[in-house]
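Structure, as structure tokens:
One is the number of the first residue; the rest follow in order along the sequence.
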Amino acid sequence: MAPAPYKIRHARRGDVSAILELIKELADYEHELDAVEATESTLLSTIAFAPENVESTSTAPDTEPTSPSKPARCLLLFNEEDRPAGMALYFYNYSTWRAKAGIYLEDLFVRSTERKKGYGKRLLVELAKEVVAANGGRLEWSVLKWNEPSIKFYESIGAKMMNEWVGMRVDREGLTKLAVLLD
């Protein structure tokens, strides 16, 4: 079967409503729609966007600079009708042992109507190309334990579960308390 036609590029400011729609669809899939706090305004202020009419690619990213207040980039995949079908929202990380940069994939999402067309794999391949082009060390992400279809897909492309690691997080009130813990 021939792969479905597609186009991948970095998101532009004009894509922000589509990004928010995809985020909400992902949250709904994960049974967390009520937890979405992102707005078009907050996305515009935290994602490094490509200029309008520039075909920014993974191996030659041409976006606004990333920074502590604008840490993320977003690849969008458009289907044969030039409609957003999926996204990979990511930021850069660092491996101290390898002394190399990498990418942390915060969210990979393909609309349910667009699945089984190879789009998720395409987005991951683009991210891997960016890591390789930058002589980076790794591409990593988290997946919910109950999401068996995604786990099987990730393993099929060579990803390995990191069972020896446990995710940790401090947020909201806990983050505020930690910030003043020693004051």
For the residue pair [X] and [Y], establish whether any side-chain heavy-atom pair is separated by less than 4.5 Å.
X	Y	answer
Leu22	Leu76	yes
Lys7	Asp82	yes
Tyr104	Leu139	no
Tyr94	Lys100	no
Leu127	Leu105	yes
Glu155	Lys160	no
Pro71	Thr66	no
Lys152	Glu148	yes

ask   = When Arg13 is tested against each of Glu64, Glu52, Glu40 for side-chain hydrogen bond (donor to acceptor under 3.5 Å, both in side chains), which residue passes?
value =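 Exactly one pass, corresponding to Glu64.
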
Charged N-O contact under 4.0 Å between [X] and [Y]:
X	Y	answer
Glu126	Lys121	no
Lys117	Glu114	yes
Asp62	Arg9	no

task = With sequence neighbours left out, write down each residue that passes ring pair (Phe, Tyr, Trp, His ring centres under 6.0 Å) with Trp146, or none if nothing qualifies.
result =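 Ring pair (Phe, Tyr, Trp, His ring centres under 6.0 Å) list for Trp146, sorted by chain: Tyr29, His31.
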
Residues that Tyr154 engages under ring pair (Phe, Tyr, Trp, His ring centres under 6.0 Å), provided they are two or more places apart =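 Result, ring pair (Phe, Tyr, Trp, His ring centres under 6.0 Å) vs Tyr154: Trp141.
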
query = Transitively linked via ILVMFWY side-chain contacts under 4.5 Å: Leu124 with Met161?
reply =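 Per the 4.5 Å side-chain linkage, Leu124 and Met161 are co-clustered.
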
query = What about Leu89 and Phe49, same hydrophobic cluster or not, with Ile/Leu/Val/Met/Phe/Trp/Tyr joined at side-chain heavy-atom distances under 4.5 Å?
reply =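 In one cluster with Leu89: Phe49, yes.
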
Within the side chain of [X], is there an N or O that forms a donor-acceptor pair under 3.5 Å with the backbone of [Y]?
X	Y	answer
Asn147	Leu144	no
Thr46	Thr42	yes
Arg122	Tyr6	no

For [X], check salt bridge (charged side-chain N to carboxylate O under 4.0 Å, His left out) against everything at least two apart and list the hits.
X	value
Arg172	Glu37
Glu164	none
Arg83	Glu81

ask   = Out of Leu33, Val36, Asp28, which residue meets the side-chain contact (heavy atoms from CB on, under 4.5 Å) rule with Ile23?
value =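 Exactly one candidate clears the test, Val36.
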
key: Pairs meeting criterion side-chain hydrogen bond (donor to acceptor under 3.5 Å, both in side chains) with involvement of residues 84-93, two or more places apart   =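 Non-adjacent pairs meeting side-chain hydrogen bond (donor to acceptor under 3.5 Å, both in side chains): His10-Tyr90, Arg73-Tyr92, Tyr90-Glu130, Tyr92-Glu130, Asn93-Glu140.
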
query = Rounded to the nearest 0.5 Å, how far does NZ of Lys129 lie from CD1 of Ile8?
reply =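 Nearest 0.5 Å value for the CD1-NZ distance: 8.0 Å.
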
